[in-house]
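What follows is one structure encoded as structure tokens, with my remarks underneath.
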Amino acid sequence: MKMMFSMQHNSMMQHPYQCLLYCSQSDHNEAGVLVAASGPYIHTFSAQHGTHLSTWPSKQDFKPSTQKAKGTEAGSEWIEDHSSSHEDSHRPQKRRKLSLPLDDSGSSAEIVVDGGNANGQNSNLKQASNPPVTKLAGNSTGQYVVAVTGEDKCLRVFELSENGCLKPLSERVMPKRPSAVALTPDDSTILCADKFGDVYSLPLLGKTNDSAVGNDDDAKKSTRNGEASWHPQQNSFVPAATSLTVHTKGNLEALRQQQKITNPKAEKKSLNFEHQLLLGHVSLLTDVVCVSIDRFMKKPRNYILSSDRDEHIRVSRGIPQGHVIEGYCLGHTEFISKLCVSPAYPHLLVSGGGDDYLLLWDWLKGEIRQKIDLRGPIKYLKEDYRANAASENFHGEEEAVAVEESAEVNIAVSNIRTRQLREAETTKNDFIVTCEGIPAIFMFRMDVDASMGFIGTVPLEGNVIDFAILREQGTVVYSMDTFHEPFSTTAVASDLEKQTRPSIGVTSFGSMFAPPEKNVGPHGKLIASMEQRVKDQPFVMQEAPGKGRSMRELLYGLESLRKRGGEDNHGGDD
């Protein structure tokens, strides 16, 4: 296996593109805009000319909470937090020795943080003001982009202008960390699923308000007949126990201490934007899609398909009847991570997750139509990779041994996307599938008889992180992991591989998928522009307890969904 590109990188760490989204701007002359998230930055590129269009946030807007001090020592950095107030400037500053993520050299960094706040409590180490983007979604016309940052649980909506610039419209902080986002077929509503199993609906162009609004019972009582608005009051802390229920000397003393507490009881803060709780699972939600279908040749009806960690695919009615369950699609034995509905046959659904196969459903009936093997193509890919590594000495014997040792790695489907093909009077769908920690793209085709077949595999140099289908150009743009070895989500690549391995690639497809293209032509210009943008942007270190842990969790989070004996099924976190 030969290298597709060879680009010189500096010795500094560079953040790969963890999210890609293609926005087809049908109302504009441009062929479309490719939106790419690298760490906390969102870049836009012209899909037609390959030029860089904009970056959000700009250098003026992006203000990390920590900045480097002048003093450095070999293998470490001194970083000082200047965010403490003037009143606290006399307090001594603490210095912590923290491991630098993504650095396999064993070096560490001293972080200087404020010694305490006004209450004498230690303040938490601050992270960058803009955490990494974890999800991207767009509407059908390519006019709006929805971005999710997981660390702050924020859902941002941007307007994508004609020149490809991102204009922020709203920022809405969800109660729990979003795990999936989708738009309704009419592009008016965002469906946001979180790790606690809830799905909320939010207007696409909604904004935050000064006072809390929503459909929660305790959110707000609207003004009626000119009466004053009701606002929740802070209640004083009242112990649950009384002198009638406590008798021992020690418990009575504890009760007296509790009765002296005068701190107000914190009220649950309501969301200050329009929202509605549609449905809920009892497990972590992994994906959600909304489908509009003409059932029984009547008025189109919307459905919400949602998957979770407990191998369930739930079919619910659309807004506002999301609480009505139409049925379930049960057949997976491991977690489900991705759902994809065929545009040509909207009653058919392709799902994948932690199993060795994909499932093709007639989701209206809850029936499995086909089971498509994934273990076979991955097995052959690894065998070819080992053979090429041995014959061409691609990365030496050590990598060949590493690939062989990881031959039994668990399969976790990271993405499924489809492209509709029209040939003569027939309609077909191509499905592109990627798996976590696998350096390849797998191609499947759904024929006119609504059956899926395996087309082929495009081997790549690095593990695929995400990809986008450029429909007008008939190409697939994919991002690769430059930090880890192929077929592994834990083994860190050498410094030479990090510097020479490309992070972006393009492959074309027509009747059959072609090998990855070289760095020539308009697609080569797009690749070079994206590589240069990552090279030029500053690397924002994500704090983490373990060395390299934050990057690994950002790029590879699916394997943690796999259940083990005695593990809690809820699996959610804030």
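Counting begins at 1 with the first residue of the sequence.
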Practice problem: Measure from the side-chain N and O atoms of Ser54 to the backbone N and O of Gly164, and report whether any donor-acceptor pair falls under 3.5 Å. | Solution: yes
Self-check item: Any Ser170 side-chain heavy atom under 4.5 Å of Phe273 side chain
Solution: no
Quiz item: Is it true that a side-chain atom of Thr134 and a backbone atom of Val148 form a donor plus acceptor pair closer than 3.5 Å?
Solution: yes
Quiz item: Hey, are Glu559 and Thr489 close enough side-chain-wise for a donor-acceptor pair under 3.5 Å?
Solution: no
Self-check item: Side-chain donor or acceptor of Glu151 paired with backbone N/O of Pro132 under 3.5 Å
Solution: no
Quiz item: Below 4.5 Å, heavy atoms only, C-beta onward: do Tyr556 and Asn463 meet side chain to side chain?
Solution: yes
Quiz item: Would you call Ile42 and Val145 a side-chain contact if the rule is heavy atoms closer than 4.5 Å?
Solution: no
Quiz item: Does any non-hydrogen side-chain atom of Glu461 lie less than 4.5 Å from one of Pro502?
Solution: yes
Practice problem: Apply side-chain hydrogen bond (donor to acceptor under 3.5 Å, both in side chains) to Tyr22 and list each qualifying residue two or more places apart in sequence or on a separate chain. | Solution: Glu472
Self-check item: Sidechain-backbone polar pair: Glu436 side chain, Leu558 backbone, donor-acceptor under 3.5 Å
Solution: yes
Quiz item: Shortest non-hydrogen contact from Leu160 to Cys23?
Solution: CD2-CB, 3.8 Å
Quiz item: Among all residues two or more places apart in sequence or in another chain, which pass the side-chain contact (heavy atoms from CB on, under 4.5 Å) test with Ser529?
Solution: Phe45, His52
Practice problem: Find the distance between CD1 (Ile336) and CG (Leu561) and round it off to the nearest 0.5 Å. | Solution: 11.0 Å
Practice problem: Considering non-hydrogen atoms only, spot the tightest contact between Pro459 and Ala440 and give its length. | Solution: CA-CB, 4.2 Å
Exercise. Report the distance from atom CD1 of Ile411 to atom CD1 of Ile378, rounding to the nearest 0.5 Å.
Key: 3.5 Å
Self-check item: Salt bridge present between Arg501 and Asp481 (N-O < 4.0 angstrom)
Solution: no
Self-check item: Residue pair Met443 / Asp430, side-chain heavy-atom distance below 4.5 Å
Solution: no
Quiz item: Would you say the side-chain atoms of Asn139 and Gln143 include a donor-acceptor pair closer than 3.5 Å?
Solution: no
Quiz prompt | Distance-only donor-acceptor check, side chains Ser337 and Thr286, under 3.5 Å | solution = no
Exercise. Assess whether side-chain hydrogen bond (donor to acceptor under 3.5 Å, both in side chains) is satisfied between Ser306 and His281, documenting all intermediate values.
Key: CA-CA 9 Å; Ser306 51; His281 287 227; 2.7 Å; yes
Practice problem: Name all residues meeting the side-chain contact (heavy atoms from CB on, under 4.5 Å) criterion together with Thr490; count only those two or more places apart in sequence or in a different chain, and write none if there are none. | Solution: Ser488, Arg552
Practice problem: Measure the CG-CG distance between Leu53 and Leu166 for me, rounded to the nearest 0.5 Å. | Solution: 9.5 Å
Quiz item: When rounded to the nearest 0.5 angstrom, what distance separates CG in Leu191 from CD1 in Ile304?
Solution: 5.0 Å
Self-check item: Worked verdict on Phe431 versus Ile416 for side chain to side chain contact (heavy atoms under 4.5 Å, CB included)
Solution: CA-CA 7 Å; Phe431 288 86; Ile416 307 175; 4.1 Å; yes
Quiz item: Rounded to the nearest 0.5 Å, what separation is found between the CZ atom of Arg172 and the NE2 atom of His275?
Solution: 11.5 Å
Self-check item: Value rounded to 0.5 Å, distance of OG in Ser161 from NZ in Lys167
Solution: 9.0 Å
Quiz item: Do the side chain of Arg309 and the main chain of Leu284 share a donor and acceptor less than 3.5 angstrom apart?
Solution: no
Quiz item: Is any side-chain heavy atom of Pro16 less than 4.5 Å from a side-chain heavy atom of Ser479?
Solution: no
Self-check item: Contact check, side chains of Ile504 and Val534, non-hydrogen atoms, under 4.5 Å
Solution: no
Quiz item: Would you say Phe442 and Leu381 make side-chain contact, with heavy atoms under 4.5 Å?
Solution: yes
Quiz item: Can you list the residues that meet the side-chain contact (heavy atoms from CB on, under 4.5 Å) rule with Ser179, with sequence neighbours excluded?
Solution: Ala193, Lys195, Leu285
Practice problem: Answer yes or no: is there a donor N or O on one side and an acceptor on the other, between the side chain of Arg177 and the main chain of Gly150, under 3.5 Å? | Solution: yes
Self-check item: Audit row: Val458, Tyr478, side chain to side chain contact (heavy atoms under 4.5 Å, CB included) steps and yes/no
Solution: CA-CA 11 Å; Val458 178; Tyr478 52 87; 5.5 Å; no
Quiz prompt | Least distance between heavy atoms, Ser24 atom then Arg471 atom | solution = CB-NH2, 3.3 Å
Self-check item: Minimal non-hydrogen separation, Ala493 against Glu485, with atom names
Solution: CA-OE2, 3.6 Å
Quiz prompt | Donor-acceptor under 3.5 Å (Asp466 side chain, Leu20 main chain) | solution = yes
Practice problem: Kindly say whether His332 contributes a backbone atom to a donor-acceptor pair with the side chain of Asp355 at under 3.5 angstrom? | Solution: no
Exercise. Locate the shortest heavy-atom distance separating Pro439 from Pro486; write the atom from each residue and the value.
Key: CG-CB, 3.8 Å
Quiz item: Among Glu171, Lys135, Arg156, which one satisfies side chain to side chain donor-acceptor pair (under 3.5 Å) with Thr149?
Solution: Arg156
Quiz item: Where is the tightest heavy-atom contact between Leu460 and Val464, given as atom of each residue plus distance?
Solution: CD1-CG2, 3.3 Å
Exercise. Return yes if some donor-acceptor pair links the side-chain N/O of Arg314 with the main-chain N/O of Gly280 below 3.5 Å, else return no.
Key: yes
Exercise. Would you please name every residue forming a side-chain hydrogen bond (donor to acceptor under 3.5 Å, both in side chains) with Asp194, sequence neighbours left out?
Key: none
Exercise. Quick one: list whatever passes side-chain hydrogen bond (donor to acceptor under 3.5 Å, both in side chains) with Tyr144, sequence neighbours left out.
Key: none
Exercise. Assess whether side chain to side chain contact (heavy atoms under 4.5 Å, CB included) is satisfied between Glu531 and Ser503, documenting all intermediate values.
Key: CA-CA 7 Å; Glu531 291 273 13; Ser503 60; 3.1 Å; yes
Quiz item: Should the ring pair Tyr385 and Phe487 be called parallel, tilted or perpendicular, given that the plane angle runs from 0 to 90° and is split at 30 and 60?
Solution: perpendicular
Quiz item: Stepwise, does the side chain to side chain contact (heavy atoms under 4.5 Å, CB included) test hold for Asp356 with Leu374?
Solution: CA-CA 5 Å; Asp356 292 350; Leu374 285 175; 5.6 Å; no
Quiz item: Does Thr189 reach the main-chain N or O of Thr184 with its side chain, forming a donor-acceptor pair under 3.5 Å?
Solution: no
Quiz prompt | Ring centroid separation His15 to Tyr41 under 6.0 Å | solution = no
